[in-house]
Asks: 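Below is a structure I'd like to ask you about.
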Protein chains: 2
Amino acid sequence: MARTNGKQSAVERKPVSIRDVADASGVSLTTVSLILNNGDQRISEPTRARVLTAIERLGYRPNRLAQGLQNRRSNILAILVPHLRHTFADPYFGELISGIYDRANRSGYKILLEAAGRSFLREKRYLDLFDRCFVDGMLFMGSTDEHRFLHRFRDRKRPFILVNNTWPGLDHVVADYRAAGRLAAEHLVGLGHRRIGMIHGAGDVETARLLIAGFAETLAQHGVELPASCMEDGFYTEEGGAAAAEKLITANPSLTAIFTGNDKMAAGAIQRLQALGRRVPSDVSVVGCDDITQAAFVTPSLTTIRTPLYELGRRSCQRLIERLRGKDEPCQEVLPVELTVRQSTAPAAS
Amino acid sequence: MARTNGKQSAVERKPVSIRDVADASGVSLTTVSLILNNGDQRISEPTRARVLTAIERLGYRPNRLAQGLQNRRSNILAILVPHLRHTFADPYFGELISGIYDRANRSGYKILLEAAGRSFLREKRYLDLFDRCFVDGMLFMGSTDEHRFLHRFRDRKRPFILVNNTWPGLDHVVADYRAAGRLAAEHLVGLGHRRIGMIHGAGDVETARLLIAGFAETLAQHGVELPASCMEDGFYTEEGGAAAAEKLITANPSLTAIFTGNDKMAAGAIQRLQALGRRVPSDVSVVGCDDITQAAFVTPSLTTIRTPLYELGRRSCQRLIERLRGKDEPCQEVLPVELTVRQSTAPAAS
DNA sequence: GATCCCTGGTAAAACATTTTACCAGACCAG
DNA sequence: CTGGTCTGGTAAAATGTTTTACCAGGGATC
């Protein structure tokens, strides 16, 4: 069905329909449709050839609104991103989106972007995307505890999946954040750190809690405490990370290491620590989380736990597509993480 | 037309159509449509009320595939992004996308994402998005000289706009890159720099050439040369910027300042310079371009020329929407840029 | 009393597909 | 000659809207 650059005919204005192709090749419209969709079946080779060249010559392209109406699907997937300031500029979401896009594209799905604020979710307006036949499936990113009502919409007609987050009973693909916490703790303890702080993300995000749990657990196993005074919320932003770092280091001047819930907070923390006269890593080691591209290009370059964001996006989309193809098993996939050591960590000053 | 959370009825399965609403309220389907679309016209108040409550009760949502088929438009805009590795993770594109999204959303348009590789463009497959009624309009970002063929498709039925790029005769909204080059040059010259290098972006991008021109021009006016040996291509990436910085500083050890075509290359350059034992800014000053969020969080924080990316996205989308509403004047808008001084520049070492 | 207009609505066409059910002719068996 | 099957198709229904043209009945006008 190779039909690239159809001629831009002189008339140019009215779109060419399947009807036109049928007329041009002297067959019924049904025949054209059959050739396009069934591929092999009944139609004789001469007829098929005639129709195909007509299609080529006229530059026919099936109207997907009509197709969608008939098939009751749109071949579009929606990505729901929390509506923050300039959400799409965040490399975290960007990596996930890239993975999703590439996978979707491979199967002929288009991607619709939706920034979903609180009200959007609370009023269930995302259901419109399904009910109005905008999309066949949805990928939720940045979901929080608020989203647990999603549970109620697990009917087979509106498939969705949580991207890099987890909720019991909901389809999801998520990085192993508990392991991430553990790896960070082991790395820091291994370097001899004993007075350690943490800058975590929002408390209503399950992965944030898992990360904290894994980190605290492992520290405890090594006899290192993580008191409340050594925990600060950094809101997942650079500014938040900076502010949190300042609070931590002021309240606990003897801290020699900080673990942050993502790389943006780490970047903010490093900058603020340096501004406050602490050298990184010689005075204070910093470990980030995610390993976004920029992590390698802050100074000092960031030691971080790599969550395979692109792959997480890819897999989520893969799973969603499987759902759309009728697979009916629940999907709860956990991808491994790994420690990436760079320049922002060093042995504890003795 | 306030109709939030329609009941999830027990039947649940077959979508409710305008037909169902008509039956439920004892009027014709035309009447329902009239109420929904015309708003005021002919229909009496009692009837309107009856229909509206039926809509509410049934949780009716118009099927947009059917609407689109009838109206021959989709209410979707496409963003075309060059298909690089993990394109969407690039904060440059992300900021533009955020601006576009917010503006589109305000007018009820949805956003479709498309990563357009070379072949996608060369084979004019993006035309399918129009011809198959996927989208009403398109925003091109990251366009290069290869895209000049776009010129041929300026018919009124397939509106598109170049986002932060320029081409004579094509609609576009672009930052003033020539001024950006000038501001960078004036800043560095003002600090006493005389031996200056530049890491530029791809040569087939018009804005890259404008930036170079503005920079070189202004240096020349101040009697500062910019020989070919002081120019390197950094391919708009961190790695490219790092490699280019190394070449520059090796070939011209006396360089005291470098201007880069975007912030990512600046980040790469700074890191490599430091790795090579040059201190930034005391040995070498670095000026970036764009002022992405991360620019403030590299160390030292980056002096850069702020191109208002979010605003550029917003305006582009605004202009495109005006086109869709029938406005027929060409749009060639240039937004001002400004110098943002941070820590990566200092007076030239004497 | 016929004509006209207004009010409040409806029937039907059109949009571009896919899919189901059917059909005409050729060929063959019995 | 009747009945059956296969081949290569076609007619028509269905999908859910919007919009155009029309219509019935009532009141006002001449």
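Each chain gets a letter, A, B and so on, in the order the sequences are listed, and its residues count up from 1.
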Asks: Measuring centre to centre across the rings, with the benzene-like ring taken for any Trp, is Tyr101(A) within less than 6.0 Å of Phe88(B)?
Replies: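 Here the rings of Phe88(B) and Tyr101(A) have centres that are less than 6.0 Å from each other.
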Asks: If the cut-off is 4.0 Å, is Asn37(B) near the phosphate of dT18(D), judged by side-chain N/O to OP1 or OP2?
Replies: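 For dT18(D), OP1 or OP2 has a side-chain N or O of Asn37(B) closer than 4.0 Å.
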Asks: Over how many whole Å does the gap from Asp131(B) atom CG to dA16(C) atom P extend?
Replies: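 Roughly 13 Å, once rounded to whole Å.
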Asks: Looking at dT17(D), I'd like to know if its phosphate oxygens (OP1 or OP2) sit under 4.0 Å from a side-chain N or O belonging to Asn63(B).
Replies: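 So the side-chain polar atoms of Asn63(B) never come under 4.0 Å of the phosphate oxygens OP1 or OP2 of dT17(D).
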Asks: Are any protein N/O atoms closer than 3.5 Å to N/O atoms in nucleotides 4-13 of chain C? If there are, list each pair with its distance.
Replies:
from	atom 1	to	atom 2	distance (Å)
dG9(C)	OP1	Thr47(B)	OG1	2.6
dG9(C)	OP2	Ser44(B)	N	2.7
dG9(C)	OP2	Ser44(B)	OG	3.0
dG9(C)	OP2	Thr47(B)	OG1	3.2
dG9(C)	N7	Arg42(B)	NE	2.9
dG9(C)	O6	Arg42(B)	NE	3.2
dG9(C)	O6	Arg42(B)	NH2	2.9
dT10(C)	OP1	Ser28(B)	N	3.3
dT10(C)	OP2	Ser28(B)	N	3.0
dT10(C)	OP2	Ser28(B)	OG	3.0
dT10(C)	OP2	Thr31(B)	OG1	2.2
dA11(C)	N7	Thr30(B)	OG1	3.2
dA11(C)	N6	Thr30(B)	OG1	3.0
dA12(C)	N6	Thr30(B)	OG1	3.3

Asks: Check whether any side-chain nitrogen or oxygen of Gln67(B) sits under 4.0 Å from OP1 or OP2 of dT18(D), and answer yes or no.
Replies: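 True: Gln67(B) side-chain N/O within range (under 4.0 Å) of dT18(D) OP1/OP2.
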Asks: Can a salt bridge be assigned to the pair Arg319(A) and Asp171(A) using a cut-off of 4.0 Å between side-chain N and carboxylate O?
Replies: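 Salt bridge absent between Arg319(A) and Asp171(A).
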Asks: What is the distance from CD1 of Ile18(B) to C1' of dT15(D), rounded to the nearest Å?
Replies: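 For the pair Ile18(B) CD1 and dT15(D) C1', the rounded distance is 14 Å.
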Asks: Starting at atom CG of Asn75(A), determine the distance to atom P of dT17(C), rounded to an integer number of angstrom.
Replies: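 To the nearest whole Å, that distance equals 15 Å.
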Asks: Is there a side-chain contact between Ile79(B) and Met141(B) in this structure, where contact means two heavy atoms from C-beta onward sitting under 4.5 Å apart?
Replies: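 Yes, at least one pair of side-chain atoms sits under 4.5 Å.
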Asks: What integer distance in Å separates Ile35(B):CD1 from dT19(D):P?
Replies: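 Rounded to whole Å, this separation is 15 Å.
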Asks: Just the rounded figure in Å: distance from C1' of dT17(C) to CG of Asp23(A).
Replies: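 In whole Å, dT17(C) C1' and Asp23(A) CG are 15 Å from each other.
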Asks: Does a side-chain N or O from Arg72(B) land closer than 4.0 Å to OP1 or OP2 of dA16(C), or not?
Replies: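 Arg72(B) to dA16(C) OP1/OP2: side-chain N or O found under 4.0 Å.
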Asks: Quick check: on DNA chain C, is the nucleotide nearest Asn71(A) upstream (toward 5') of the one nearest Ala66(B), or the reverse? Name the residue that is more 5'.
Replies: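 Nearest nucleotide further toward 5': that of Ala66(B).
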Asks: State whether Arg73(A) and Asp136(A) are salt-bridged, where the test is any N-O pair (Lys NZ or Arg NE/NH1/NH2 against Asp/Glu carboxylate O) under 4.0 Å.
Replies: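 Between Asp136(A) and Arg73(A) there is no salt bridge, as every charged N stays at least 4.0 Å from the carboxylate O atoms.
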Asks: Once the angle between the rings of Tyr126(B) and Phe120(B) is folded into 0 to 90°, is it parallel (under 30°), tilted (30 to 60°) or perpendicular (over 60°)?
Replies: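 Ring orientation, 0 to 90° scale: tilted.
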Asks: With a 6.0 Å cut-off on ring centres, are Phe160(B) and Phe140(B) close enough?
Replies: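 Distance test on ring centres: under 6.0 Å, yes.
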Asks: Do Ser33(B) and Thr30(B) get their side chains close enough for a donor-acceptor pair, meaning under 3.5 Å?
Replies: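 Note: Ser33(B) and Thr30(B) side chains miss the donor-acceptor criterion.
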Asks: Send over the distance from Asp20(B) CG to dT15(D) P, rounded to a whole Å.
Replies: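 Taking CG of Asp20(B) and P of dT15(D), I get 11 Å after rounding.
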Asks: Whole Å only: how far is the CG atom of Leu69(A) from the C1' atom of dT18(C)?
Replies: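 My rounded result for the distance is 10 Å.
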